[in-house]
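Heavy-atom basis, side chains included; hydrogens, waters and symmetry copies ignored. Quick caveat: nothing in here was measured; it's all calculated off a predicted structure. Index from 1, following the sequence.
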Amino acid sequence: MKHLLLSAAVSVVGLAMGATGALAQSHPMDGLTGEEIRKAGSILREAGVTNDQTLYPLIDLVEPDKAEVLAFKPGDTLTRRAMVQYTDKKGFSEAVVNLTSGEVESDGPIEGQPMVLFTEFMSAMQTTLADSRVQDGLKKRGLTAEDVFCLPLTAGSFFTPEYEGTRLMKVPCYVNPTGSNFYAKPIEGLYAVIDLTSKTVTEVIDEGALPLPQDPWGYTEEEIAERAPLRPETNPVLLKQEGEPNYVLDGGHLSWDIWDFRFRTEKRAGLVVSNINVMDGDTKRPIIYQTHLSEVFVPYMDPGEGWYWRTYMDSGEYGFGLFMTPLEAGIDCPAYATFLPALISDDSGAPLEIPNAICIFERNIGDPAWRHYEVFAQSEDTFTPAEGRPATELVVRTASEVGNYDYLIDYRFYQNGDIRIKIGATGLDGVKGAAATSMNDPTAEEETRHGTLIAPNLVAANHDHYFNFKVDFDIDQPENMFATMDIVPAEVDADSPRRSLWTVEHNMPDSEMDARYQISAMKPRYFHYSNPAREGHLGHTPGYMIHHGSIAYGPFDFTNDPPMKRNAYIEYSVWNTVYDPDQRYAGGKYPFQSDGSDTLAEWVKADRPLANQDIVAWFTAGFHHIPRMEDWPVMSTEWKTVHLMPHNYFATNPAMTLRKGK
C-alpha cells in the first residue's frame, strides 16, 4: 500500500504548505491555481449544490474554445472555468463553474463513474479486513488482520449483472512487509469484492491456501547488501551544467533553444503540454496545439479467478497526476535540474501540492547531433578532423507510481526539430503466490502456464502495457491534411539492371475510419501532417510526421472480450480524428466500469471527412511483458518511444547552426 500511504503523506504536506499552487495564471492554458481550486468548491457550496461533506473525484480546467486560445494576447481578459466532478448520496454529478463570474453554469448527474477517490481506497481496505469471511480465510493461513494489508484494485467491467448499479473493487491481500517490498508476500487465493457505494463486501473468494513466500525481497541498498556483495566503488560519472540553465521558465511557459511551449498538470492525465512552437529562422511557427497521455491500459493474461479481471485503465481509473511522486535529484533527474511541484485537487476539493513532481533539465547526451569526416580533405601534410556538433536535449519529466509499477513520462525536445515522447516502465512485477519453489517442482508447469516463476513461491503473470497519447497537430494553423507515406515497390524498366527498387507513395485517407493503421516492418509507412495552405521552402508542403514508435499487438477479440471492447483503441497504433474538445481520452471520459461506448474506437464511426480539417492524431505505444527472473526484486527501466519529426518543414537541418561548444 506504499503508493497510497505516500499520497496521504503528500496530501498532508500539501495542505500544511497551504498549497497555493505557485504562480498566478496568465494564459488560458495555465493550470488551475490553488486559489481557483478552492474557489470552485466555494461557489458550489454557496449555490447549495454541494456541502462540507461532498467529495470531489476531479477538478480540472475547462479550456476556452480553441479559437479564443489562439487569438489570446498577453493582457487580454481571461474567463476561467473549472469542471468539477463530485459525489453525494444521489450519485455522481458534474458541474461547470465560472470562476470569473462566480456562477455555476451547468450541473447535473453523469452517465458513468469518475476515477476512484482516495477515500474509497482507504474505506475498501478497512472494510475488507473487518469482514469475518476474510478473517476466517486469513486464519486458515495462520494470519490475523493485524498481519496483513489489503490492496483495493479496480475490477474492470465484464457487462454482467454484478456490475449493474455497483462501483466495484476487488481486493487481494499481502503479508505486512518487514522491509521495503510491499508486494513480496501475496496471500494467493483469497479475495474480497467490495461495493464502494454501499461500503460492503459483496463476496469473498477463497480458493484454498498456498505456501506463503518467506523471503522479504527488499530492494534498498542496505537490504541488497545483506543478500549479495555490492559492486566495488567506482569514480562517479555525473551530468553537470556550468552556469545558469539555457532555458527560461516563466510560470507555465518554457522556452529553450528553438522551442517554446506551455505545460500544466492534471489529476488524470498528468503532464499536459500545449502550444508547442518552433523557431524557423526568425519566424515562430506552431506545430502542436496540445499533447498529453490519453489512457494507459494494462491487461494481465492470467484467466484465474484472482487475475482475469486485472485489466487496469491506469490513467482514467486511478489518475497519473494523482499518483505523481516526488523525483529524486541524482537518481530520477540530474542534480542540477529544476524541480517543480504539481498541483491537483484532493478528495475534499482542496488544492494538493506534490513536491518535486516535475523536473526540467538539459543534457549533452554524449552523441553527435551530426558529424562528417571527409577522407578527401586529408593529405600527407594535413589532417582535417571530422566536423560535427554535440547533441543536447531538453527533458521535461514526471514519474507516476500506479500500484507496483513506476512510469516515467518524458517530453524530450531536440535541436534538429524532433520531439520524442518517452515512457519508462520500472518498479515491481505484479506477483502471485505459488507452491513451486523451482521449475523442477510438480506444480511448476501448471502454475507457470500464464507467467514465469521468478522467485521461490512467486509467479509473475504475463501482461501488456499500452500508452495512448493524444497529439493535436496544428502545423502553422488548425486546418491540416493527413497522409501516409508508404514504401512500395517501384516500377522498374524491363531493360534496367536493377530488378527491385522502392518508392514513396502518398496516400490520403478520405475519412476517420480509413485513417486507422497498424504498423508493420513489412509494410513501412510514415504518418504525415501538413499545412496545404502554406508553401514551404522549395515549394514543399511543410509538415511533421510520426516517424515510428514502440508498438505491440495482441490476439485480442475486440468485439466479445469486455476489457478489449473498453480499450479497442489498441487494435491500431495510429488513429486520426477531427478535433472535438470533448474527446480527450481514448478510453472515454468515465472509464470506471465503462461499457466501451465512449471510446476512440466508437468516435471514428462518425467517419468524418479529414481533408482540410483540424486533425488530431492518437498514437498507442506498447509492449508485451513476459516476466523474467531479472525483473525481480525490482525491474530495470524499459523505455518506449513516440517519435515526431519535421518533414520538409525547415529549409535545412536546423541543427547546422549549433556551435561547437567548449
Side-chain angles (χ1 to χ4, degrees), residues 239-248 253-261 273 275-288 291 334 360-379 382-396 410-422 471 473-477 480 485 487 504 506 526-532 534-549 641-662:
L239 284 172
K240 64 178 183 178
Q241 182 169 32
E242 297 178 3
E244 296 298 316
N246 295 302
Y247 51 82
V248 177
H253 182 261
L254 184 63
S255 58
W256 174 80
D257 198 69
I258 59 175
W259 297 101
D260 80 272
F261 53 89
V273 183
N275 306 119
I276 301 176
N277 303 299
V278 69
M279 292 300 296
D280 179 13
D282 296 328
T283 304
K284 179 187 289 190
R285 299 175 62 184
I287 296 174
I288 294 172
T291 182
I360 301 169
F361 59 93
E362 51 192 331
R363 62 183 172 191
N364 182 313
I365 62 176
D367 297 332
W370 56 266
R371 80 179 299 273
H372 180 63
Y373 177 83
E374 184 52 73
V375 67
F376 295 112
Q378 314 304 322
S379 70
T382 305
F383 169 70
T384 303
E387 186 73 13
R389 301 291 184 270
T392 302
E393 65 179 3
L394 178 76
V395 182
V396 184
D410 281 10
Y411 292 87
R412 302 187 187 181
F413 296 84
Y414 296 83
Q415 293 166 309
N416 66 348
D418 281 16
I419 302 171
R420 285 180 173 88
I421 303 171
K422 304 280 284 189
V471 185
F473 284 103
D474 277 10
I475 308 298
D476 295 310
Q477 63 173 15
N480 288 166
M485 295 181 289
I487 307 298
V504 179
H506 297 265
Y526 304 128
F527 306 93
H528 189 241
Y529 302 84
S530 63
N531 176 16
R534 178 168 183 154
E535 182 174 305
H537 305 285
L538 303 183
H540 288 292
T541 302
Y544 260 69
M545 65 181 182
I546 302 176
H547 181 228
H548 60 74
T641 304
V642 182
H643 185 189
L644 314 177
M645 63 187 301
H647 186 79
N648 294 330
Y649 188 89
F650 299 98
T652 60
N653 179 357
M656 77 175 186
T657 55
L658 293 174
R659 296 179 183 271
K660 284 188 175 181
K662 298 178 181 178

What verdict does the ring pair (Phe, Tyr, Trp, His ring centres under 6.0 Å) test give for F473 and Y544, after you've listed the backbone C-alpha separation in whole Å, the side-chain angles of each residue and the deciding distance to 0.1 Å? CA-CA 8 Å; F473 284 103; Y544 260 69; 7.1 Å; no
Run the numbers on L254 and V396 for side-chain contact (heavy atoms from CB on, under 4.5 Å), then give the verdict. CA-CA 10 Å; L254 184 63; V396 184; 4.0 Å; yes
Starting from the C-alpha separation in whole Å, work towards a yes-or-no answer on side-chain contact (heavy atoms from CB on, under 4.5 Å) for I487 and V504. CA-CA 5 Å; I487 307 298; V504 179; 4.2 Å; yes
Show, in sequence, the C-alpha distance, side-chain angles and deciding distance for L394 and F261, and conclude whether the side-chain contact (heavy atoms from CB on, under 4.5 Å) test is met. CA-CA 12 Å; L394 178 76; F261 53 89; 4.1 Å; yes
Start with the C-alpha distance between I276 and I419, add both sets of side-chain angles, then the distance that settles side-chain contact (heavy atoms from CB on, under 4.5 Å), and finish with yes or no. CA-CA 10 Å; I276 301 176; I419 302 171; 4.2 Å; yes
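Between G543 and I475, the closest heavy-atom pair is CA-CG2, 4.1 Å. Between N416 and P654, the shortest heavy-atom distance links the atoms O-CG, 3.6 Å. Shown here for A651 and H537, the closest heavy-atom pair between the two residues is N-CD2, 3.2 Å. Between G536 and P542, the shortest heavy-atom contact is N-CD, 3.7 Å. Scanning both residues, G417 and P646, for their nearest heavy atoms gives O-CD, 3.5 Å.
Under a 3.5 Å cut-off, the side chain of R389 and the backbone N or O of L658 do form a donor-acceptor pair. Y414 places no side-chain N or O within 3.5 Å of a backbone atom of A655 that could act as its donor or acceptor partner. Of the possible donor and acceptor atoms, one in the side chain of Q415 sits under 3.5 Å from a partner among the backbone N and O of T392. Side-chain atoms of T384 never come within 3.5 Å of backbone atoms of Q378 as a donor-acceptor pair (strictly under, hydrogens ignored).
Judged by distance alone, the side chains of H547 and D418 never bring a donor and an acceptor atom under 3.5 Å apart. Side-chain contact check for H253 and D260: at least one donor-acceptor pair (N or O, by modelled atom type) lies under 3.5 Å.
A distance of 12.5 Å separates CE in M656 from CD in E387, rounded to the nearest 0.5 Å. Note: N531 CG to D474 CG = 9.5 Å, rounded to the nearest 0.5 Å. For the atom pair I287 CD1 and D280 CG, the distance stands at 9.5 Å (nearest 0.5 Å). From Y529, atom OH reaches atom CZ of F527 across 7.5 Å, with rounding to the nearest 0.5 Å. In this structure, M645 CE and I546 CD1 are separated by 12.5 Å, a value rounded to the nearest 0.5 Å. H647 contributes atom NE2, which lies 4.5 Å from atom NE2 of H528 (distance to the nearest 0.5 angstrom).
With contacts defined as side-chain heavy-atom distances shorter than 4.5 Å, the pair N653/W370 qualifies. Looking at heavy atoms from C-beta onward, V471 lies in side-chain contact with L644 at the 4.5 angstrom threshold. You'll find the side chain of F413 stays beyond 4.5 Å of the side chain of V278, heavy atoms only.
Every residue two or more places apart in sequence or in another chain that forms a salt bridge (charged side-chain N to carboxylate O under 4.0 Å, His left out) with D476 is listed here: R285, R534. Every residue meeting the side chain to side chain donor-acceptor pair (under 3.5 Å) condition with H372, not counting sequence neighbours, appears here in chain and number order: E374.
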Review item, side-chain donor-acceptor pairs of residues 361-368, under 3.5 Å, at least two apart:
from	atom 1	to	atom 2	distance (Å)
E362	OE1	N246	ND2	3.3
E362	OE1	W256	NE1	2.7
E362	OE2	Q241	NE2	2.5
E362	OE2	N246	N	2.6
E362	OE2	N246	ND2	3.3
R363	NE	E393	OE2	2.5
R363	NH2	E393	OE2	2.7
N364	OD1	G366	N	2.7

